[in-house]
Chemist: 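So that we are looking at the same thing, I have put the structure below in structure tokens.
Just so you know, these numbers use all the heavy atoms, side chains as well, and skip hydrogens, waters and symmetry mates. On a predicted model such as this, the values are computed, not experimentally measured, just so you know.
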Amino acid sequence: QVQLVESGGGLVQAGGSLRLSCAASGRTASNYGMGWFRQAPGKEREFVAAISWSGDITYYAGSVKGRFTLSRDNAKNTMYLQMNSLKPDDTALYYCAARRLPEARADAGYYDYWGQGTQVTVSS
């Protein structure tokens with residue numbers, strides 16, 4: 001089992017920045033790919049970004065490309081999402097996900113483990 005805990009969410013004005021963290025614990029010895037998804041009220045969960053175990057492969061949703069940067073520190077079992085130039089449309093509950101395979105995928109069904117989410121609210 002892998003436990004995921006997100007942090008770093010909050011309230012920010014449009015144009016501002018936040019950095020989300022996802023800390024993994026438990027059986028983290030295996031290589032695992034990770035990703036971020038988000039869900040706004042009344043909308044379905046959508047892909048945000050994903051990163052391979054090595055960190056050299058990343059994928060981004062078109063809506064965040066160029067504004068968000070995904071990275072990871074495997075020594076700390078932590079993944080980071082730097083979010084810049086935030087927009088009100090980025091308001092959502094952000095979830096961290098992981099799977100005990102090294103690849104990165106944009107498909108939510110690929111991931112076995114999920115965190116509880118951290119709220120990001122962007123005011124206009």
Chemist: Can you name the closest pair of heavy atoms from Ala98 and Met34 and give their distance?
Modeler: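 The pair with the smallest heavy-atom distance is CB-CG, 4.1 Å.
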Chemist: Is any side-chain heavy atom of Leu81 closer than 4.5 Å to one of Thr69?
Modeler: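 No, every pair of side-chain atoms sits at 4.5 Å or beyond.
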Chemist: Under the side-chain hydrogen bond (donor to acceptor under 3.5 Å, both in side chains) definition, can you give me all pairs with a residue in residues 79-91, not counting sequence neighbours?
Modeler: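 Sorted result for residues 79-91: Ser17-Asn84, Arg38-Asp90, Arg67-Asp90, Gln82-Asn84.
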Chemist: I'd like to check Val5 versus Gln116 (side-chain heavy atoms, cut-off strictly below 4.5 Å). Are they in contact?
Modeler: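 When only atoms from C-beta onward are counted, Gln116 and Val5 do not touch, as no gap falls below 4.5 Å.
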Chemist: Quick check: closest heavy atoms across Thr78 and Ser21, and the distance to 0.1 Å?
Modeler: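 So the minimum-distance heavy-atom pair works out to CG2-CB, 4.3 Å.
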Chemist: Taking all atoms of both residues into account, what is the closest heavy-atom pair of Ser124 and Ala14, and its distance?
Modeler: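 That closest heavy-atom pairing would be CA-CB, 4.4 Å.
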Chemist: Check step by step if side-chain contact (heavy atoms from CB on, under 4.5 Å) holds for Tyr113 and Gln1.
Modeler: CA-CA 8 Å; Tyr113 305 103; Gln1 284 282 5; 3.2 Å; yes
Chemist: Tell me the closest heavy-atom pair linking Ile51 and Ala104, and the distance in Å.
Modeler: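 Nearest pair, atom of Ile51 first, then Ala104: C-CB, 3.4 Å.
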Chemist: Under the ring-ring contact (aromatic ring centres under 6.0 Å, His included) rule, what do Tyr32 and Trp53 come out as? Steps first, then yes or no, please.
Modeler: CA-CA 5 Å; Tyr32 53 98; Trp53 165 252; 5.3 Å; yes
Chemist: Kindly indicate, with the supporting measurements, whether the criterion side-chain contact (heavy atoms from CB on, under 4.5 Å) is fulfilled by Thr121 and Val12.
Modeler: CA-CA 6 Å; Thr121 303; Val12 65; over 6 Å; no
Chemist: Quick one: closest heavy-atom pair of Glu6 and Cys96, and the distance?
Modeler: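 Result for this residue pair: OE2-N, 2.8 Å.
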Chemist: Going from OG1 on Thr58 to NZ on Lys65, what distance comes out if it is rounded to the nearest 0.5 angstrom?
Modeler: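 If we round to the nearest 0.5 Å, Thr58:OG1 and Lys65:NZ are 9.0 Å apart.
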Chemist: Members other than Leu101 in its cluster, when Ile, Leu, Val, Met, Phe, Trp, Tyr link by side-chain heavy atoms under 4.5 Å?
Modeler: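 Leu101 shares its hydrophobic cluster with Phe37, Phe47, Ile57, Tyr59, Leu93, Tyr95, Tyr110, Tyr111, Trp114.
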Chemist: Closest approach of Val2 and Ala24, non-hydrogen atoms and distance?
Modeler: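 That would be CG1-CB, 4.2 Å.
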Chemist: Using the disulfide bond (SG atoms under 2.5 Å apart) rule, collect all pairs that involve residues 52-86, keeping only residues at least two apart or in two chains.
Modeler: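 For residues 52-86, and leaving out neighbouring residues, there are no disulfide bond (SG atoms under 2.5 Å apart) pairs at all.
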Chemist: Does any non-hydrogen side-chain atom of Pro102 lie less than 4.5 Å from one of Ser52?
Modeler: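 Heavy-atom side-chain distance check fails, nothing below 4.5 Å.
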Chemist: I want to check something: taking the side chain as every heavy atom from C-beta on, are Met79 and Leu70 in contact at a cut-off of under 4.5 Å?
Modeler: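 Met79 reaches Leu70 side chain to side chain.
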Chemist: Should Met83 and Tyr94 count as side-chain neighbours, where that means a heavy-atom distance under 4.5 Å?
Modeler: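 A side-chain contact under 4.5 Å exists here.
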